[in-house]
2 protein chains.
Amino acid sequence: MSDTSELAESLRVSFETDVEPCLGSGDGRAMRDLLDRVGDKWSLLIIGTLRDGALRFSELQRRVTGISQRMLTLKLRSMQRDGLVTRTAHAEVPPRVEYALTPMGTTLLEPAIALALWAVDNQQAIAEARASFDAA
Amino acid sequence: MSDTSELAESLRVSFETDVEPCLGSGDGRAMRDLLDRVGDKWSLLIIGTLRDGALRFSELQRRVTGISQRMLTLKLRSMQRDGLVTRTAHAEVPPRVEYALTPMGTTLLEPAIALALWAVDNQQAIAEARASFDAA
DNA sequence: CGGGATCCTACTCGATACTG
DNA sequence: CAGTATCGAGTAGGATCCCG
């Protein structure tokens, strides 16, 4: 596990000019916008599911366990609007619609994976912290 | 900008065993837990604000623009429970309470910064994608 | 100063039913 | 198959007042 200083050092030049106004103090517009978009229950899971290539609507719904038809529609529409996914409708019977990540959507995959790894690495520590906190 | 394959390659060993069940298909328990914790409107902004060291409650509220007293209290309590921040109350008059990141909270800073940088880098592209989508 | 207790609103999300 | 439409419950989050 590398500590934060390594990354922080490599990012020092851009850190104060770019991150300061968005992650830390101030209004954090960019960060808040991002969280409004993909900080919800499903968006990152959908993006993760699309990482291997295009999928049709029903296949997507089968893989993202528990998502309702409605939410899948809504989230896909929103992500399409933001330029994160493409929607390709094939004029056939029965209809076939495929969704895929755009180049920009793919670049989001990188920090998303980093976050997912953190989640996996620390989920047990968090559970323990929780338990000991609740004991008091 | 590096594409995703570089990181994906360096993480290949753990990717399928660790990320697969959480970011992509399946129930995505770890990822969902993480989003439930820090995927809200304020948590990551608070963590970002604490990156330079301990701050008192009122100072925190002044820096995280727009947060209500209530939400700051709630989020800090939740993050303390999860072992992400520490709360130190000094027995003085007037009372002084300081919050700081735990080591685990600091490690979360790393992927959080990566995400913040992505947000900054892509906010304009997203705004443009939105505009052109709405035009149709 | 650093909260706790309440009240209230707006929006999210799920379930269900219907359609091209 | 891939949606759209509608309803209803739950909840995040803001405003306000009070307390040690």
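So you know, we letter chains A, B, ... as the sequences are listed, proteins then strands, and number each from 1. These numbers were taken from a predicted model, which means no experiment stands behind them. FYI, side chains are in, hydrogens and waters are out, and symmetry mates aren't considered; it's all heavy atoms of this structure.
If you chain together hydrophobic residues whose side chains sit under 4.5 Å apart, A:L74 and A:L84 fall into the same group.
With rounding to whole Å, A:M71 atom CE is found 12 Å from C:dA15 atom P. Counting to the nearest Å, the P atom of D:dA2 and the CD atom of A:E98 are 9 Å from each other. Summarising the geometry, the separation between CG on B:L76 and P on D:dG13 is reported as 14 Å, rounded to the nearest angstrom. The CG-P distance, from A:L74 to C:dG14, rounds to 11 Å in whole Å. Going from atom CD of B:Q69 over to atom C1' of C:dT6 covers 14 Å, rounded to whole Å. The separation between A:R77 atom CZ and D:dA5 atom P is 10 Å, rounded to whole Å. The separation between A:R56 atom CZ and D:dG3 atom C1' is 13 Å, rounded to whole Å. If you measure from atom CD1 of B:I67 to atom P of C:dG3, you get 13 Å, rounded to the nearest angstrom.
Residue A:S58 places at least one side-chain N or O closer than 4.0 Å to OP1 or OP2 of D:dA2. Look at B:Y99 and you'll find a side-chain N or O under 4.0 angstrom from OP1 or OP2 of C:dG3.
Judged by distance alone, with hydrogens and angles left aside, A:R70 brings no side-chain donor or acceptor close enough to the base of C:dT12 to form a pair under 3.5 Å.
B:I67 places a side-chain heavy atom less than 4.5 Å from the side chain of B:V64. Between A:R56 and A:Y99, the closest side-chain pair of non-hydrogen atoms is not below 4.5 Å.
A:K75 has a carboxylate O that lies under 4.0 Å from a charged side-chain N of A:D40, or vice versa, which qualifies the two as a salt bridge.
For A:K41 and B:T73, each mapped to the nucleotide of DNA chain C holding its nearest heavy atom, the one lying further toward the 5' end belongs to B:T73. Judged by closest nucleotide on DNA chain C, A:G66 is the one of A:P95 and A:G66 placed further toward the 5' end.
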